[in-house]
Structure formats: C-alpha cells, structure tokens
Amino acid sequence: NAGVTQTPKFRVLKTGQSMTLLCAQDMNHEYMYWYRQDPGMGLRLIHYSVGEGTTAKGEVPDGYNVSRLKKQNFLLGLESAAPSQTSVYFCASSYSTGAGELFFGEGSRLTVL
Amino acid sequence: GGNVEQHPSTLSVQEGDSAVIKCTYSDSASNYFPWYKQELGKRPQLIIDIRSNVGEKKDQRIAVTLNKTAKHFSLHITETQPEDSAVYFCAASGYGANSKLTFGKGITLSVRP
C-alpha cells in the first residue's frame with residue numbers, strides 16, 4: 001500500500017497562475033482533507049470531504065477550490081495564486097472524522113512569486 | 001475542537017531527561033485528543049491518542065494525561081533520545097460525522113545529546 005500520495009512535491013508559480021494539487025489514497029478511506037502548514041501557525045484545514053462527490057470548507061478556504069470526483073482522489077485547486085499561498089500543503093485521509101487517525105501525505109511545497 | 005493552545009512553543013531537554021508538553025482546549029464538547037509528531041521535512045504521524053473516558057494512556061516511553069475539568073492534556077516523554085527531536089502537535093475534536101480535528105500550533109522539542 002502506498003498510503004497517501006501527493007503530486008507534485010514541489011512547485012513554483014508566478015502570481016496569478018493556476019495549478020492543481022492531486023492527492024490519492026489507497027486505503028478506501030471515506031474522509032479526505034487538505035491542510036496548509038506555515039511557520040508558527042500549525043496545521044490549518046483548508047477544505048475537506050466526507051465522501052465521494054462531497055466537499056466542505058475548513059478554517060481557511062478562501063482562494064482554494066476542491067473536488068472529490070472519485071473516492072480515492074481529492075484535488076486542491078488554486079485559480080489565481082497569490083504570494084500568501086506560499087506554504088507546505090498536506091493531504092490527509094481517515095476512516096472516520098473526528099476521533100480517528102489521520103494519514104498524511106508527504107507534503108507539497110508551493111512557492112508563489 | 002474549538003481553540004487548541006500549546007505551551008511552550010519550544011522546549012529543549014538533555015538526553016535522558018523527561019519532557020512534558022501541555023495543551024489546553026476551549027470546547028468542552030471535545031472528547032478525542034491525539035498527538036502527532038513531525039520530524040524535520042517529514043509528514044505528521046500519530047504517536048498516541050486519548051479519549052475522554054480515560055485519564056491516562058501509556059505506550060512505552062510516551063504517555064498522555066487528560067484533565068477534562070481543567071480542559072488540558074499533556075504529552076509525557078521519558079528517557080528522551082535524540083530521535084525524539086521533532087515538532088509535536090496536539091489536537092482536539094468531538095465525535096460524529098461533522099467533527100473535525102483542530103490542531104495546536106506545534107511545539108519544537110530539541111533533545112541535546
């Protein structure tokens with residue numbers, strides 16, 4: 001099992017460009033999440049999904065969109081990247097929400113110039 | 001999970017000593033409290049968790065204690081080793097399909113050889 005896989009692992013964008021981060025999990029988990037990690041800010045939830053075809057906003061959703069067309073994939077999109085979106089992005093999945101272990105991907109480092 | 005606060009933000013201990021990392025939470029409905037460890041450049045991984053019906057849980061050199069009245073919980077690491085050096089995140093959530101983990105900002109633990 002690969003667990004949770006994120007692509008790409010590194011990306012540099014110019015302000016205003018768009019991009020999509022892909023997250024794939026092979027554990028048949030219902031729940032998937034996108035977090036961003038910034039120095040001194042911990043892990044902040046961007047968007048999450050409780051099942052195929054569903055998405056919901058987290059703590060810091062502005063500037064991002066997501067889609068969950070297939071149970072195993074969760075895509076995070078930036079339509080018009082801004083320097084404030086420079087961050088490390090982590091995808092995670094879990095068998096259940098709340099009281100369940102999160103399995104994280106390796107992270108994707110995004111720099112917006 | 002409401003707000004989750006971690007103190008201090010950094011902690012340095014001598015190898016072999018014990019380390020205690022404390023977290024407070026604001027939502028009295030929270031009843032699941034995990035701890036995640038993130039080594040430098042790696043993904044966060046669950047190391048131990050506790051549920052509200054238990055006051056203490058141990059796993060080899062690590063333990064977690066919970067005080068629901070005071071709304072705080074702590075991670076205890078005994079006989080610290082250099083490989084314990086990492087960022088530790090506490091988190092809190094309730095149960096149920098709509099509950100989500102709220103993470104603290106993380107504490108950087110350094111174990112001096």
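Order of the sequence lines fixes the chain letters, A, B, ..., with proteins taken first and strands second; residue numbering starts at 1 for each chain.
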**Fill in**
Applying a strict 4.5 Å limit to non-hydrogen atoms, the region of Leu45(A) in contact with chain B is side chain
**Complete:** Under 4.5 Å to a heavy atom of chain A? For Phe33(B) that would be neither
**Asked** In terms of heavy-atom proximity below 4.5 Å to chain A, should Pro44(B) be classed as side chain, backbone, both, or neither?
**Response** both
**Request:** Anything in residues 81-91 of chain A with a heavy-atom distance to chain B below 4.5 Å? Please list those residues in order.
**Result:** Phe90(A)
**Fill in**
Between the CD1 atom in Ile47(B) and the CD1 atom in Ile62(B), the distance rounded to the nearest 0.5 Å is 4.5 Å
**Fill in**
Applying a strict 4.5 Å limit to non-hydrogen atoms, the region of Glu59(A) in contact with chain B is neither
**Request:** Give me the ring orientation class for His29(A) and Tyr95(A): parallel if the planes are under 30° apart, tilted from 30 to 60°, perpendicular past 60°.
**Result:** perpendicular
**Message:** Check Lys9(A) with Glu106(A), please: is the shortest side-chain N to carboxylate O separation under 4.0 Å?
**Reply:** yes
**Prompt:** Is a side-chain N or O of Thr80(B) found less than 3.5 angstrom from the main chain of Gln14(B), in a donor-acceptor match?
**Reply:** yes
**Item:** N-O pairing of Lys57(B) and Asp49(B) below 4.0 Å
**Value:** yes
**Side-chain donor-acceptor contact under 3.5 Å, Thr54(A) with Arg68(A)** = no
**Fill in**
Whatever's closer than 4.5 Å to a heavy atom in chain A on Gln38(B) counts as side chain
**Request:** Assess the side chains of Gln6(A) and Ser108(A): does a donor N or O sit below 3.5 Å from an acceptor N or O?
**Result:** yes
**Message:** Before we go on, tell me: are the rings of Tyr48(A) and Phe74(A) under 6.0 Å apart, centre to centre?
**Reply:** no
**Test side-chain hydrogen bond (donor to acceptor under 3.5 Å, both in side chains) applied to Tyr33(A) and Ser49(A), Ser93(A), Ser94(A), the passing residue** = Ser94(A)
**Asked** For Phe103(A), is it the side chain, the backbone, both, or neither that has a heavy atom closer than 4.5 Å to a heavy atom of chain B?
**Response** neither
